[in-house]
Amino acid sequence: MRMHFPPKPTIMTECLQILSAIALVFVAVYYYLTSSFDFWKSKDVPGPDPIPVFGNTKDVFFRKKHLGVYIRQLYEKYKNEPLIGIFINRTPNAIVCDMDLIKDVLIKDFSIFDHRGVVINGKVEPLSEHIFNLEAKRWRPLRTRLSPVFTSGKLKEMFHLIMECSEHLEKYLVKLEKEGEPIECREVAARFTTDVIGSCAFGINVNALSNEESEFRRMGKKVFSTSLWDTLRFTFREFLPKLYFFIMSLQPYSHLTSFFVRVVSDTIKYREENNVIRPDFVNMLIELRNHPEKIQDIELTDNLLAAQAMVFFAAGFETSSTTICHALYEMALNPQVQEKLRAEIKEFSIKNNGSIKYDDIKEMKYLDKVFKETLRKYPPGALLRRKCNSDYTFSNTKVTIPKGTRVFVPVLGLHHDPSIYPNPEVFDPERFNHDAVALRHPMSYLPFGDGPRNCIGARFAVYQTKVGIIKTLENFKVDVCGKTMIPYENNPRSLVYGPKEEIYLKLSEVTN
């Protein structure tokens, strides 16, 4: 009996089979990457066309554009649309543009949007478990217990510490003025705010103004580093969090993590052993650790306590120093505003025999206008993030988003909307006259966010920033020079909305 075998496949047949398999895999991957791309169209929500892998954020992914700037551009492109639909990778995200809807998200329906939508992993990155990032279950009790340290009463107790640091700033500026070289405003301001946070939060004289090798200043630079490696790491974390945390779990803790855990632990140990009590942030952490029953269902580890101290330090020095820098930049560009502000500062200084009191800060009306206009034009937080914890239908629309959808509030877009702020690129403190403010929607100005999850340290930030501006302009004048960045450009790699390059200004002593 003869056996019959199937014909041996030819090379051509094998190649066709391989190509077919590759094509099938390609189609499957392409379908996976694009299967959600009709999400917003099916809801009649406008938005840019996404592309596979990146969605709408290719330029953000490669750090060619700041996410806040990109969202501002979409806000301007889809003018008068209440909602804009975008995709990060393949995931639908909403930009909420209508100010009534923004109020719903931040305040009225806050219980549904009580999470910022930031992915964290405490085992891999212990310092990420801070009050800004935490989910509602741990955020609520922590916020309640930490809020008392930021009351006006506590701030008044700490005000002399801020003023002590401002005296060091004044001496440093005298030194810089004598050297005759342009000053780099952001670095000077960052050293001042680092000293303030070190004193008011940790009870430590960190000497950032007098010591260029200050470890606190070096750690501050590390937190907000825009080096290529740190930029790639942050991008990787933002867009591929699961893979990022898996890889990072194989690495030892960073020097930054070890530093803050050590500083907080050592400070707490020293205070307890020496019975030191100060009206500051670390003292509040000690109370939390010694009375864990006041915060149920939260394990108050050294890492968790260090995370709260770290975010207060990082957010406190960086946002305030950037705002001081932007304010001085605008004063140099607008000398008539600078002179008017200096006149007000001098008025209060003379009234108090050369000093500034706590209550004076609130009474300096023109300073307040300058401060608010600076934050309008340059909000450190160019956007707000929220994530819904259940399906949600936006008011007066037919648009329903599923649980877990992230939404963005376009702060930078709102602050530069010419229908809200005419000629938005012009620096005009008079926008914040009482009558002008009363005519605007309360959601048109959000430098500190709004609602229960607004910036917990806003009051502290206001005072230390204003004191920094006061001490710089009281006896010194700032002018543009050949090294001044004109026009202004933002840094697409920066976590906060800040300048692309150093801000250099000419500093000269006021003689009158």
Side-chain angles (χ1 to χ4, degrees), residues 46-51 54-81 83-89 91 93-97 99 102 116-118 186 224-228 230-232 234-239 315 318-319 321-323 325-327 329-330 333 373-386 406-421 423-427 443-449 485-503:
D49 292 330
I51 60 174
F54 301 105
N56 300 115
T57 52
K58 179 170 69 69
D59 287 344
V60 176
F61 180 86
F62 288 109
R63 284 308 190 249
K64 293 180 179 179
K65 192 174 292 184
H66 191 283
L67 179 59
V69 172
Y70 174 63
I71 288 178
R72 171 192 171 179
Q73 291 171 346
L74 292 179
Y75 174 87
E76 293 169 347
K77 180 179 179 180
Y78 295 91
K79 187 65 178 167
N80 300 321
E81 294 288 351
L83 297 164
I84 303 170
I86 64 169
F87 293 86
I88 295 180
N89 301 336
T91 304
N93 290 254
I95 303 172
V96 185
C97 303
M99 287 183 281
I102 292 173
R116 292 191 189 275
V118 179
R186 196 178 188 190
F224 292 95
S225 171
T226 57
S227 68
L228 179 59
D230 287 306
T231 300
L232 290 174
F234 178 79
T235 303
F236 191 18
R237 184 187 191 281
E238 185 78 3
F239 287 85
E318 178 69 7
T319 56
S321 63
T322 301
T323 302
C325 170
H326 284 142
Y329 177 70
E330 287 293 343
L333 294 175
E373 175 68 350
T374 301
L375 287 178
R376 178 202 65 81
K377 194 172 180 182
Y378 308 97
L383 57 89
L384 301 175
R385 303 173 186 238
R386 295 292 187 269
R406 287 199 305 184
V407 302
F408 296 102
V409 176
V411 175
L412 190 64
L414 292 166
H415 286 197
H416 286 257
D417 187 337
S419 67
I420 303 172
Y421 302 99
N423 300 314
E425 298 309 315
V426 173
F427 188 86
M443 296 296 105
S444 65
Y445 184 70
L446 297 167
F448 296 107
M485 180 177 60
I486 301 175
Y488 180 90
E489 293 183 63
N490 80 284
N491 186 352
R493 293 183 176 184
S494 179
L495 295 180
V496 301
Y497 185 74
K500 185 176 183 179
E501 302 172 3
E502 291 86 356
I503 299 291

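Since this is a predicted model, take the numbers as computed values, not measurements.
- No side-chain heavy atom of L495 sits under 4.5 Å from any side-chain heavy atom of E318.
- I102 has its side chain within reach of L446: a pair of non-hydrogen atoms, C-beta onward, lies under 4.5 Å apart.
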Under the side chain to side chain contact (heavy atoms under 4.5 Å, CB included) rule, what do R116 and R386 come out as? Steps first, then yes or no, please. CA-CA 4 Å; R116 292 191 189 275; R386 295 292 187 269; 3.1 Å; yes
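- At least one side-chain heavy atom of M99 sits less than 4.5 Å from a side-chain heavy atom of S444.
- Heavy-atom minimum distance, N490 versus H66: ND2-CB, 3.5 Å.
- Of the N and O atoms on the side chains of T322 and R186, at least one donor lies less than 3.5 Å from an acceptor on the other residue.
- T57 OG1 to N93 CG: the interatomic distance, rounded to the nearest 0.5 Å, is 8.5 Å.
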Applying side chain to side chain donor-acceptor pair (under 3.5 Å) to N89 and T91, what does each step give before you reach the verdict? CA-CA 6 Å; N89 301 336; T91 304; 5.9 Å; no
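- Across every non-hydrogen atom of I84 and G47, the tightest pair is CG2-CA, 4.1 Å.
- Contact detail for T374 and H326: the closest heavy-atom pair is CG2-CB, 3.7 Å.
- Classified by interplanar angle (parallel below 30°, tilted 30° to 60°, perpendicular above 60°), the ring pair F54/F62 is tilted.
- Atom CZ of R406 sits about 5.5 Å away from atom CZ of R385, to the nearest 0.5 Å.
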Pair M485-E502, side chain to side chain contact (heavy atoms under 4.5 Å, CB included): steps then yes or no: CA-CA 8 Å; M485 180 177 60; E502 291 86 356; over 6 Å; no
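- Taking 4.5 Å as the limit, some side-chain heavy atom of Q73 sits within range of a side-chain heavy atom of K65.
- Two rings, from H416 and Y75, have their centers 6.0 Å or more apart.
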Might you work through the side chain to side chain contact (heavy atoms under 4.5 Å, CB included) test for Y445 and L414, ending with a clear yes or no? CA-CA 7 Å; Y445 184 70; L414 292 166; over 6 Å; no
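- Put simply, the side chain of P424 reaches to within 4.5 Å of the side chain of R376, judged on heavy atoms.
- The shortest distance between side-chain heavy atoms of I486 and Y329 falls below 4.5 Å.
- For L384 against G449, the heavy-atom pair with the smallest separation is CD1-CA, 3.8 Å.
- Counting only heavy atoms from C-beta outward, the side chains of F448 and L375 approach each other to under 4.5 Å.
- No donor-acceptor distance shorter than 3.5 angstrom exists from the side chain of K500 to the backbone of P492, with no hydrogens or angles considered.
- Considering all non-hydrogen atoms of both residues, S494 and V496 come closest at OG-O, 2.6 Å.
- Using a 4.5 Å heavy-atom threshold, the side chains of Y497 and L412 count as touching.
- From L333, atom CG reaches atom OH of Y488 across 11.5 Å, with rounding to the nearest 0.5 Å.
- A donor-acceptor distance shorter than 3.5 angstrom exists from the side chain of Y70 to the backbone of N56, with no hydrogens or angles considered.
- For E76 and R72, the salt-bridge test passes: some basic side-chain N is under 4.0 Å from an acidic carboxylate O.
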If you apply the rule side chain to side chain contact (heavy atoms under 4.5 Å, CB included), what do you find for V409 with L383, and how did you get there? CA-CA 5 Å; V409 176; L383 57 89; over 6 Å; no
